[in-house]
Amino acid sequence: MNALLEIEDLNVTFNTRHGAVTALDSVSLHVNAGETLGVVGESGCGKSITALSVMGLIPSPPGRIAGGSIRLNGEELTTASPARMRAIRGAEAAMIFQEPMTSLNPVFTVGAQIAEAIMLHQKVSADQAMRDAVALLDRVGIPSPDARARDYPHQLSGGMRQRVMIAMAVSCRPKMLIADEPTTALDVTVQAQIFDLLNEIQRDFGAAIVLITHDMGAIAEMADRVAVMYAGRVIEEATADDVLDHPQHPYARGLIDCIPNIAKGDTALREIPGVVPPLHMLGAGCAFAARCAHANDRCRTEKPKLAAHGHHPAACHAVQEGRI
């Protein structure tokens, strides 16, 4: 199957007061049409930077794509002109941001904002675009869509604002939908509704979805395949079932172990000791070494490559050497 989105050896750097730091280090991912790829990891691991790179939204300066390739439906995006990227955003690839209140314009009604997105990419009148916007609000489950289209973002609940963002993202039926933690700050009932809605959108429109999250429960619910990221690198990649049932990398195992198994009476809350190191302080070895119980001298001095071992690939010397 030909991949709809192909990312190969992507490197992104940012100029900081500590000098140039690498935010993404040789990231390679692919997403097939109609598939959901879950990208999981702690805050600061590079998930959102990967998404912003695909959308051509890396702030420059201070950031820049220092190397690698991003191809959407065979078209190279890293060398695309700003005008071409504006044409791609919304029409071929769209992004749902994690906080609607910082993405929606507070001085325009939600209907007007969806209609504007439609008119940018489709040759329709303002009246038709507004009718389409109301239909989209109805499609994403917002009650009384005619009335809600005349509301401003602050007049809607968090769940309804997120539905507005989804309506805007799918307004031109893009082939690729990137959802960056789309259920942040929503209660569990609304989270389930948003995930159900994304599944419906994917089924009806045939879009591929990249789901960025730190929630392994969301991965189990939504993803076909999973890429685990840590400190700007992909450290494990496989089907969702393989990662959840047979995690290879110690970090992936730690993420799984943090989930209480209430069905078995396990209600303890566990954590992975330590924190993600600052990017400017990464050494020559594995970025997870300081937090890993299986690390040895090789782990601290040599960066492991993503290589197949056991069930699926993992970037871990201990796994590849059979020490765990």
Side-chain angles (χ1 to χ4, degrees), residues 2-15 20 22-35 37 39 46-100 102-105 108 112-124 129 132-133 136 164-182 201-202 205-212 227 229 232:
N2 292 328
L4 175 64
L5 176 69
E6 298 172 279
I7 302 173
E8 291 185 6
D9 295 326
L10 181 64
N11 290 277
V12 175
T13 62
F14 282 83
N15 292 323
T22 300
L24 294 183
D25 182 2
S26 300
V27 168
S28 294
L29 294 170
H30 73 276
V31 189
N32 298 317
E35 179 183 46
L37 172 69
V39 182
K47 306 186 301 296
S48 295
I49 294 297
T50 302
L52 293 173
S53 299
V54 172
M55 300 300 294
L57 294 174
I58 294 292
S60 178
R64 71 183 185 95
I65 293 178
S69 172
I70 304 171
R71 294 186 298 277
L72 180 64
N73 213 20
E75 180 179 357
E76 180 60 52
L77 302 187
T78 59
T79 56
S81 68
R84 178 59 184 147
M85 286 307 303
R86 285 193 296 271
I88 288 172
R89 284 193 293 268
E92 298 182 41
M95 187 165 173
I96 304 168
F97 295 91
Q98 59 181 294
E99 180 42 66
T102 62
S103 304
L104 293 170
N105 193 319
F108 291 98
Q113 294 183 61
I114 298 172
E116 180 184 22
I118 294 170
M119 288 188 291
L120 279 173
H121 299 287
Q122 300 180 27
K123 294 180 180 180
V124 298
D132 291 345
L136 281 165
V164 169
M165 290 297 298
I166 294 172
M168 189 181 302
V170 303
S171 61
C172 298
R173 298 202 171 198
K175 303 180 185 75
M176 170 67 58
L177 190 61
I178 300 175
D180 187 2
E181 307 219 20
I201 294 293
Q202 184 176 49
F205 295 168
I209 294 178
V210 177
L211 175 64
I212 296 172
M229 294 190 69

Nearest 0.5 Å, what's the [atom1]-[atom2] distance between [X] and [Y]?
X: Ile49; Y: Phe14; atom1: CD1; atom2: CZ; result: 4.0 Å
X: Met55; Y: Asp180; atom1: CE; atom2: CG; result: 11.0 Å
X: Ile96; Y: Ile178; atom1: CD1; atom2: CD1; result: 10.0 Å
X: Met165; Y: Ile114; atom1: CE; atom2: CD1; result: 9.5 Å
X: Ser171; Y: Ile166; atom1: OG; atom2: CD1; result: 12.5 Å

Would you say the side-chain atoms of [X] pair up with the backbone N or O of [Y], donor to acceptor, closer than 3.5 Å?
X: Ser60; Y: Gly63; value: yes
X: Ser28; Y: Asp9; value: yes
X: Glu35; Y: Asn32; value: yes
X: Glu6; Y: Leu72; value: no
X: Asn11; Y: Ser26; value: yes
X: Glu181; Y: Gln98; value: no
X: Arg71; Y: Leu5; value: no

Evaluate the side-chain proximity of [Y] to [X]: yes if any heavy-atom separation is below 4.5 Å, no if none is.
X: Ile70; Y: Ile65; answer: yes
X: Glu8; Y: His30; answer: no
X: Met168; Y: Gln113; answer: yes
X: Ile201; Y: Ile209; answer: no
X: Met176; Y: Val210; answer: yes
X: Val124; Y: Gln122; answer: yes
X: Glu92; Y: Pro174; answer: no

Residues, nucleotides or ligands: over 12 heavy atoms within 6.0 Å of Phe205 CZ: yes
What is the minimum heavy-atom distance between [X] and [Y], and which atoms define it?
X: Ala94; Y: Ala169; result: CB-O, 3.2 Å
X: Met85; Y: Ala80; result: SD-CB, 3.9 Å
X: Leu4; Y: Ala208; result: CD2-CB, 3.8 Å

Full working for salt bridge (charged side-chain N to carboxylate O under 4.0 Å, His left out) between Arg84 and Glu76: CA-CA 11 Å; Arg84 178 59 184 147; Glu76 180 60 52; over 6 Å; no
Identified side-chain contact (heavy atoms from CB on, under 4.5 Å) counterpart of Ser53 within the set Leu24, Leu77, Thr78, Ile7: Leu24
